[in-house]
There are 2 protein chains.
Amino acid sequence: MTQSQLRPPTMADVARQAGVSHQTVSRVLGDHPNVRDETRAKVLRAIEEMGYRRNFSARALATRRTRTLGVVASNTTLYGPASTLFALEEAARAEGYLVSTVSLRRLTVETLSEALDRLSEGGVEGVIAIAPQRSAVEALAELRHPFPVVAVGTGSGAQIPSVNVDQNLGARLATGHLLATGHRRVWHLAGPEDWQEAADRADGWRATLEEADIEPPMLLRGDWSPLSGYRAGQELAGWVGRGLTAVFVANDQMALGVLRALREAGVRTPQDVAVAGFDDIPESEFFAPPLTTVRQDFAAVGKQGIALLLDLIEGRTPCGTSQVSIEPQLVVRASTFPYLPQPGAAPG
Amino acid sequence: MTQSQLRPPTMADVARQAGVSHQTVSRVLGDHPNVRDETRAKVLRAIEEMGYRRNFSARALATRRTRTLGVVASNTTLYGPASTLFALEEAARAEGYLVSTVSLRRLTVETLSEALDRLSEGGVEGVIAIAPQRSAVEALAELRHPFPVVAVGTGSGAQIPSVNVDQNLGARLATGHLLATGHRRVWHLAGPEDWQEAADRADGWRATLEEADIEPPMLLRGDWSPLSGYRAGQELAGWVGRGLTAVFVANDQMALGVLRALREAGVRTPQDVAVAGFDDIPESEFFAPPLTTVRQDFAAVGKQGIALLLDLIEGRTPCGTSQVSIEPQLVVRASTFPYLPQPGAAPG
DNA sequence: CCATGAATTGTTAGCGCTCACAATGACCTC
DNA sequence: GAGGTCATTGTGAGCGCTAACAATTCATGG
C-alpha cells in the first residue's frame with residue numbers, strides 16, 4: 001500500500017512501521033551484518049509498503065560524501081568530447097558515483113572558474129575537465145578548488161594530473177603510413193593553435209618528416225569544422241601538380257571538407273592526392289572515399305580518467321602530476337590506399 | 001590567507017572569525033536585505049580569508065531542495081541526443097539547476113528503472129528522459145518515481161509530458177519537396193520499428209504520397225547507422241530504372257551510406273536519384289553531394305523540456321500530459337536539387 | 001546458576017545549514 | 001520621555017541520516 005502523504009516517509013517512519021529503531025533500518029539499507037534475517041525482512045517489507053527512499057542530502061551530510069563527480073566539457077556535440085563524456089559517466093557509474101555535467105560553449109578562465117564554482121556548490125567530490133585548449137589547462141592549474149581535478153584530452157605537457165591519447169604517436173602513424181605508401185612529402189592541415197592536441201599532431205607530423213630527411217611543407221590551419229577543411233582544401237587543390245600528393249588532416253570533419261574541395265576541383269582521391277584524418281568518427285568509413293584515419297580509444301580515456309580521479313579522492317595517489325597515456329590506432333581505408341576498393345572512381 | 005585545516009571551515013567558523021552569528025553569514029550568502037553594509041563586508045572578508053564554501057548537503061537538507069535535475073539518455077554520441085543533452089544542461093544551468101546524467105547503452109525497462117533509482121538516490125528533483133524508443137516511453141509511464149519526469153524526443157503520442165520536434169511535419173516537408181521538384185514517386189528508408197520518431201517520419205512520408213494519390217512503394221528499414229544505409233542503398237540501386245528516382249532517408253547518417261552505395265553502383269545523385277535526409281548533422285553540408293535534409297531545433301527542445309519539467313516541479317503545471325511540439329525546417333542542398341552547384345559530377 | 005562474550009538492537013549526538021522567531025538598538029512621533 | 005516602528009542581529013529547533021557507544025538478549029561453559 002503506497003501511501004501518498006505530503007512529506008515522503010523518513011527512516012523513522014519506516015522504523016515505527018516495522019517496530020524497530022531507525023538505526024536498524026539504516027543497518028538493513030547499509031547491508032550491515034548482524035541483523036537478524038527476520039528483522040531484515042520486517043524492515044524490507046515496511047520499506048516496500050511505504051515506498052521509502054533514503055534521503056540523499058541527509059545521508060550525504062552525515063557521511064560527508066556525495067558520491068558525485070563533476071565534469072566540465074565543451075564542444076560536447078562533437079564526436080570526441082561526446083564519446084569521452086559517455087565513457088566518463090559509464091565508468092563513474094560502475095564505481096558507484098553520479099556525474100554532474102557542465103557543458104560550456106567556450107572554455108575561458110571565466111567560464112571554467114564559474115563552472116568549477118558551480119560544481120563545488122553542487123557538492124562534487126572531484127572534477128574531470130575535458131579541456132583541450134592550452135589556455136584552459138593553464139587556468140585549471142591556477143584556479144583554487146577544494147577537490148581534486150583531472151584533465152582529459154589536454155594533449156601533452158599538462159601541469160595537472162591528466163589522461164590523454166598519444167596525439168604525437170597518432171600523427172606519426174598517419175604520416176608514416178603516407179610515406180610508406182610511396183609519397184615523397186606529406187602536407188598537414190592542423191587544428192587551432194590554442195589546442196595542445198593540434199600542436200601535438202603537428203609535432204608528430206613534422207618530426208616524422210624530419211626523421212626521413214624531408215622538409216615539412218607549409219602548414220595550413222583550420223578550426224576542426226568541415227567548412228574550414230573545405231576552405232583549406234581549395235587552397236591545397238592549387239598545389240596539386242606542384243608536389244602535393246598527400247595530406248594529413250588533423251581531424252575527420254576537416255578531412256571531409258578537404259575531400260569535397262578536392263572533388264570540386266577535379267582532384268581524385270587517392271589517385272591524385274591521398275588524404276588521412278584523425279578521430280575515426282562513425283561516418284568516416286562512408287566518406288567518398290572511405291577515410292584513412294587514427295582511432296582514439298575514448299572509452300579507455302574515460303575509464304582511466306575516472307580511475308585517476310578516484311585515486312586522488314581516496315588519497316591512494318599523492319596529488320602529484322600523474323600522466324596517463326593511451327595508444328591510438330591507425331585505420332587504413334581507401335582514401336590513402338589505392339589498392340582498396342575505391343568506389344568514388346567508378347563513375348569517372 | 002587560505003587556511004589548510006583538515007576539516008573545511010563551516011559557517012560557524014566564518015561567523016566566529018567575522019564576529020557575527022552564523023545566521024548573519026547565511027543572510028549574506030543568501031543575499032538577504034537588511035544586512036548592514038559594514039557587516040556584510042566583514043563577513044565577505046572572512047569568507048574570502050578562510051576560503052569558505054557553503055556545504056551543499058547541509059543546505060539541501062535544510063531547504064529540502066537539491067536544485068539538481070536528472071537526465072537519462074542513450075546513444076549520446078549521436079548528434080541528436082548529444083545536442084539535446086547540451087541544450088538541456090545549458091537551459092537547466094540558466095535556471096540555477098545542476099544536471100546529473102545517466103547515459104545508457106540500451107534503453108530497456110530494467111536499465112531505465114535502474115537509472116531512475118540511481119538518480120532518485122542522487123536526490124534529483126525531476127528527470128528528463130531522452131527516450132526515443134516506444135518501449136522506453138511506455139516503461140516510463142509505468143514506473144513509479146517520487147519526482148516528475150518529462151520525456152523528450154519520443155515522437156508523437158507519449159503518455160507522459162513530453163517535448164518533441166514534429167517528425168511527421170518534417171517528413172512531409174522532405175517528401176513534399178521531392179514531389180515538388182518533379183519526382184513521381186518517393187521511396188523511404190525508415191529507422192528502427194521500435195522508434196516512435198521513425199514511425200512518425202514514415203507516417204508523414206506515406207501521408208504525403210497518399211494525399212497526392214501516389215501509392216507508397218515498399219518501405220526499407222535501417223538502424224540509423226551509415227552501414228545500414230549502405231546496405232539499403234545497395235538494394236535501392238537495384239530499383240534504378242524501374243521507377244526509383246527519389247529517396248527520403250530517415251536520418252543523415254543512413255543517407256550517407258545510401259549515397260556511397262549509389263555511387264558505388266554508378267548511380268548519380270541527384271541526376272539519377274535524389275536523396276533527402278533528416279537531422280542536418282554538421283557534416284551533411286559536405287557530403288558528396290551536399291545533403292538536403294530536415295533540421296531539428298534541439299536547442300529549443302532542451303529549453304522547452306527544462307521549462308516544462310520546472311513547471312511540474314514547482315507545481316505551476318498540473319501533472320497532466322502536456323505535449324510541446326516544435327517545428328522542423330527543410331534545408332535544401334544539392335542532393336535533391338540539380339540546379340544547385342553539384343560538385344560530385346565534375347570529374348565524371 | 002552465574003560469568004563470559006558474541007550477536008543483535010537501541011540511544012544519543014552530531015553533520016552544517018535554514019527557518020521562524022526573539023531580541024536589540026536606532027530613530028521617530030506625539 | 002513613553003511608545004511605536006523599523007532595520008539589524010541573534011537564538012533555538014529542526015532537516016533525515018550515520019557513527020559511536022550503550023544496552024539487551026541469548027547461548028555457552030565452568
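Proteins get letters first, then strands, A, B, ... in listed order; numbering begins at 1 in each. We use all heavy atoms of the structure for the numbers below, so side chains are in, but hydrogens, waters and symmetry mates are not. Everything quoted here is computed from the prediction, not taken from an experiment.
In this model, the phosphate group of dT18(C) is approached by a side-chain N or O of R59(B) to a distance below 4.0 Å at OP1 or OP2. Distances shown here put every side-chain N or O of T10(B) at or beyond 4.0 Å from the OP1 or OP2 atom of dG16(C). At dT18(C), one or more side-chain N or O atoms of S26(B) fall inside 4.0 Å of OP1 or OP2 (strictly under the cut-off).
When each of dC17(D), dG10(C), dG12(D) is scored by its nearest atom to the side-chain atoms of Q23(A), the top-ranked nucleotide is dG10(C). With dC15(C), dT11(C), dT8(C) as the candidates, the nucleotide lying closest to the side chain of L61(A) is dC15(C).
Within 3.5 Å, a donor on the side chain of R27(A) pairs with an acceptor on the base of dG10(C), or the reverse. For R64(A) and dG14(C), a side-chain-to-base donor-acceptor distance below 3.5 Å is absent, hydrogens and geometry of angles not being considered.
Here the closest non-hydrogen pair linking F147(A) and E125(A) is CB-O, 3.5 Å. Taking every heavy atom of both residues into account, T154(B) and N164(B) meet most closely at N-OD1, 2.7 Å.
Each of L140(B), L119(B), I130(B) was checked for a side-chain contact (heavy atoms from CB on, under 4.5 Å) with V72(B), and the lone residue meeting it is L119(B).
Between the side chains of S162(B) and Q323(B), at least one donor N or O sits under 3.5 Å from an acceptor N or O.
Along DNA chain C, the nucleotide nearest to T63(B) and the one nearest to R40(A) differ in position, and the one closer to the 5' end is contacted by R40(A). Across the interface with DNA chain D, nearest-nucleotide mapping of A62(B) and S21(B) shows S21(B) to be the residue nearer the 5′ end. Between A12(A) and R36(A), the residue whose closest nucleotide on DNA chain D is further toward the 5' end is A12(A).
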